[in-house]
Amino acid sequence: MQKEMAKSYDPLEVEDRIYDFWIKGNYFHAEIDKNKKPYTIVMPPPNITGQLHMGHALDETFQDILIRFRRMQGYCALWLPGTDHAAIATEAKIVESMRKEGISKEDLGREKFLERAWEWKRVYGGRIVDQLKKLGSSCDWQRERFTMDEGCNKAVNEVFVRLYEKGLIYRGERIINWCPHCCTSISDAEVDFAEHDGHFWHLRYPLSDGSGFVSLATTRPETLLGDTAVAVHPDDERYKDLVGKTVILPLVNREIPIVADTYVEPEFGTGVVKITPAHDPNDFEVGLRHNLPIINVMDDNAIMNENAGKYKGLSRFEARKIIVKDLEDGGYLEKVEDIKHNVGSCYRCKTVVEPKISKQWFVKMKPLAEPAIDVVKTDKTKFVPERFDKIYFNWMNNIKDWCISRQLWWGHQIPAWHCADCGEITVSRTNPDSCAHCGSKNIKRDEDTLDTWFSSALWPFSTLGWPDKTPELDYFFPTNTLVTGYDIIFFWVARMIFSSVEQMGQTPFDTVFIHGILRDENGVKMSKSLGNGIDPLEIISEYGADALRFFLVTGNSPGNDMRFSSKRVESTRNFCNKIWNASRFVHMNIDDHDVKIELPKTLTTEDKWIVHTLNDVIKEVTENLDKFELGVAAAKLYDFMWDCYCDWYIELAKSRLMSEGESAQNARQVLVYVLDQTLRLLHPFMPFITEEIWQTLPHENEAEALLLAKFPEYKEENSYPDAANEMESVMEAIRAIRNRRAEMNVPPSKKAKVYIATNVKQIFENGKSFICKLGFASEVIVGDSFQIDGAVTIVTADAKMYIPMEELVDKQAELTRLNKELEATKKLLAQDEGKLNNAGFVSKAPQNVIETVKEQAAREREKIALIEAAIDALK
RNA sequence: GGACGUUUAGCUCAGCUGGUAGAGCUUUCGCUUGACGUGCGAAAGGUCAGCGGUUCAAGUCCGUUAACGUCCACCA
């Protein structure tokens, strides 16, 4: 490919074309290859209701980096994508869209509703997938799955039946969290607690015997209608005599007992609690212990029901107001206190959750949690960063049974059939036609569907074909890395682990890589309701996907949140452009020559320096990717590409490249070799631009695409520490010269002689041409020592340099500067001498550290002498 | 109530197993240096939140305090 490269990189022109190229080549597809080691990531399936947001972009970028890295390393790398049916969220959206048309779920009926839902999925489910592609995600799209597809449904039914048969799934009447808006039960994990301003209403319940009253307080006076007792602590001396007596429930005039229960905290409030078993989980427990009646005073929409008497038909909040008024009028209200207290709400719709007694399906968690704790304890699954295992343990250790049934239509319908004749339940993998207990044909399927997370919990193996014994399952499972945000550890990660341990007998992945969330420029969490979300697609169209990806990964450390910054995206965009132009320069130099991508036989010092430095970078990048320090790896590459390759090596090589013959040819080869290696290293981070450029390089037939090319490896033979040090000495001298010239405002066009006194003459003899070009010297004279009056003196570790620029030297300014430098150097020397005079340091510090300090001190002494000499000369 | 995180340059953040503090942006100065002004060269700017400890040596390890933040639990 010999086309002229544009002056600046245009991601819009490149990205879709390159993505098509990858897709056409089927390069993302992972076919079982027994000669390779598998590396598998299952994608956290985004909701079909969702639009791509920055959270996805972050998550996808990390996964794509890991997958591309392993693929290039020669693993059979499978990144399995898919989407989640998101039961509540999707159903809510569909109901909402129907409401606009004036129809309800019930109008439509279950079957028609589901048709509509599937149609909705067909239309919108693909949208998010298309958006993922814009990021460059190298997923195996042939293996794309959906949590409600046939295979997943089979897995769900299998697990349900197995757990049921083991007695780990049961159906029972419990108090659960009910969302009156979504009209379904939700699990404990789906309730968000937030502090709200509320009131503490202090009430008086008269004793039935007329001997007075008891005082108690409540935050929810409307539940009084369902009170069936009043409780005190059994050891509370104040109320000992009251236990066994009864009180008259205000407004309702029902006689209810005073019971003794240790649940009551005597120190809190008055030490008396009203007990409403139907509307409070703790009260429910008390009710069970004391055999109290349960009076439910609300319906499914949290509207007061017939048990609420005259309050029937009011919402719970309207009822509260009126009841408080009535209590006040009746003289039952002692006082009202303002308090802040936690209120639970539905994580989907934010409606205040109502505890409700209801017949639901549950998973018995204790037996599942124990082995799941064990696999993390024994490091079969590791959290990165490690601290997140505490969160996991904490949740798993305190786990309660999981309410899995939902009163929704969109989801996996529970594979249980109720018999109208014997009342028994038949649970079956396939649709039964009769009751397994009495044989009656009069059976009806349970209406409820399963919690979305029940199916996502099986994702790592259901997507590989389980419950069938597929070759994929055998080869790719257990998977390797799960990448996700910390906000989803309970919902998903924990459930995948216990499901897999139970069903597969092993952990689903060896590493859980946890990242933080992306916040807006002000550090505020991005949210739809605040409208502060930043659309990744807009950023991509403005700066390119590679720039966005590189931004997301740099400066991001595992587990920590990160702020969006358009300034920083701009700078990563500039980095893309830098890479582009470096490549353009390489092309200008190699296009008319026959250049292979391989190191020449002989290398100059600067060649050795860049090869050596690259070799180190390869090692560091690989090590950091291995331990999920993606940000560190990216930063190393940024520095290497920009500072080492562009700012130094290309500049150092220019004069050779302008020449003819072997030296020029060698330079071309090193130039293109290092570029090739760097593009490979950068490819996982910035796939589009690196592929685009790599395709134009003479890469022979190693691979059709960069994404399939070999990831660089550290090689001992590419290590040239001595040459690298020599080069650094020359570079240090050049930097020092530039520094002085800049301080004195000498323009590059004004060249000057440079005298270099050094005891490593050879190094500076070799570096002469570089010092001339990059240090703007008209001539470089290297010797043992010089005596030059009126010159600027510059001292580095290995050299004392004089630049005679009499007319430019302001003697006073130069003296001031030299004195300043003298002081600074003396200070350093004092520090080093302090160490060397410290008996503890000399006897206990490692030998190499002592040596380094000694060398430094020697240099500093030398430098001090030189500066003093320079000061004398000026005077 | 419990657990965890953060506190480093004006801003946003890196800094792995302890050995003389880094980047990007910003600011200032200089530059038609043969890929790039989305650039090049340079400068300024930090008692690494406070206190105490371990160590020859602490931004890094331990303890403690403070501020901010997150998660879990939840007292009616």
Side-chain angles (χ1 to χ4, degrees), chain A residues 5 7-9 193 200 216-220 223 231 263-265 267-276 280 282-283 286 341-342 344 385 387-388 390-391 393-395 398 486-487 489-490 516-517 521 523 525 543 547 551 554-557 559-565 567-568 570-589 620 623-624 627 629 631-632 635 638-639 646-647 650-651 654 657-658 735 738-749 773-774 776 827-828 831-832 835 838-846 848-850 852-853 856:
Chain A
M5 288 177 78
K7 199 168 175 182
S8 57
Y9 175 59
F193 281 96
F200 222 9
L216 52 78
T218 179
T219 53
R220 301 197 55 197
T223 63
Y263 155 70
V264 182
E265 295 247 3
E267 309 305 323
F268 190 88
T270 59
V272 184
V273 187
K274 65 192 257 324
I275 301 297
T276 322
D280 182 280
N282 290 308
D283 292 6
V286 175
H341 66 141
N342 274 340
R387 63 181 138 94
F388 287 101
K390 283 204 179 105
I391 293 180
F393 289 138
N394 182 50
W395 194 71
N398 298 302
Y486 55 68
D487 49 339
I489 293 176
F490 309 131
I517 59 167
E521 305 238 12
K525 192 172 172 175
Y543 300 99
F551 157 74
T554 43
N556 192 334
S557 53
N560 287 358
D561 289 353
M562 178 189 193
R563 285 186 202 205
F564 182 79
S565 157
K567 281 276 184 199
R568 283 195 42 222
E570 213 172 282
S571 78
T572 52
R573 186 272 317 264
N574 294 352
F575 181 48
C576 294
N577 198 47
K578 190 72 185 173
I579 297 168
W580 183 256
N581 275 291
S583 309
R584 199 155 72 98
F585 176 79
V586 172
H587 269 292
M588 288 171 56
N589 284 282
E620 284 174 331
E623 283 173 357
N624 280 294
K627 57 183 179 185
E629 288 286 354
V632 177
Y638 182 94
D639 291 344
C646 293
D647 289 348
I650 286 182
E651 295 306 327
K654 271 181 182 169
L657 290 165
M658 302 301 158
R735 282 192 201 101
R738 284 169 171 173
N739 178 342
R740 290 298 294 124
R741 293 177 57 103
E743 275 180 5
M744 299 190 307
N745 281 328
V746 187
S749 52
K773 181 145 195 289
L774 304 178
F776 311 104
K827 222 170 152 183
L828 287 175
Q831 276 177 19
D832 287 339
K835 282 184 190 170
N838 181 336
F841 177 75
V842 178
S843 61
K844 291 187 179 171
N848 64 322
V849 174
I850 296 173
T852 310
V853 175
Q856 275 172 18

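Chain letters run A, B, ... following the sequence lines, proteins first, then strands; residues in each count from 1. None of these values were measured; they are calculated from a predicted model.
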Report yes or no: is there a donor-acceptor pair, N or O only, under 3.5 Å between the side chain of A:K578 and the base of B:C36? yes
[M] and [N], which share atom name [atom1], separated by this distance in whole Å:
N: B:G22; M: B:C48; atom1: C1'; answer: 12 Å
N: B:A42; M: B:A23; atom1: P; answer: 12 Å
N: B:C61; M: B:U28; atom1: P; answer: 38 Å
N: B:C68; M: B:G50; atom1: C1'; answer: 15 Å
N: B:G10; M: B:G46; atom1: P; answer: 7 Å
N: B:U26; M: B:A21; atom1: P; answer: 26 Å
N: B:G24; M: B:U20; atom1: C1'; answer: 24 Å
N: B:G59; M: B:U17; atom1: C1'; answer: 16 Å

Is there a side-chain polar atom (N or O) of A:T218 under 4.0 Å from OP1 or OP2 of B:A76? no
Would you say a side-chain N or O of A:N624 is under 4.0 Å from OP1 or OP2 of B:C16?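 False: A:N624 side-chain N/O out of range (4.0 Å or more) of B:C16 OP1/OP2.
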Applying a 4.0 Å non-hydrogen cut-off, can you work out what [X] is touching in the nucleic acid: base, sugar-phosphate, or nothing?
X: A:K835; result: nothing
X: A:R573; result: base
X: A:F388; result: nothing

Check every atom of [options] against the side chain of [X] and return the nucleotide holding the closest atom.
X: A:R387; options: B:G34, B:C71, B:G5; value: B:G5
X: A:H341; options: B:A14, B:C72, B:A76; value: B:A76
X: A:M588; options: B:A42, B:C4, B:A35; value: B:A35
X: A:V273; options: B:U20, B:A76, B:G30; value: B:A76

Less than 4.5 Å apart, side chain to side chain, heavy atoms only: is that true for A:K578 and A:Y638? no
If B:U38 has a Watson-Crick or G-U wobble mate with both distances under 3.5 Å, name it; if not, just say none. none
By the Watson-Crick or G-U definition, both distances under 3.5 Å, B:G19 is matched with B:C56
Could you tell me whether the side chain of A:N342 and the main chain of A:F193 form a donor-acceptor pair under 3.5 Å? no
Would you say the side-chain atoms of A:N398 pair up with the backbone N or O of A:N394, donor to acceptor, closer than 3.5 Å?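 Yes.
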5′-ward residue of the pair A:D280/A:S583 relative to RNA chain B: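 Looking at the nearest nucleotide for each, A:S583 comes out on the 5' side.
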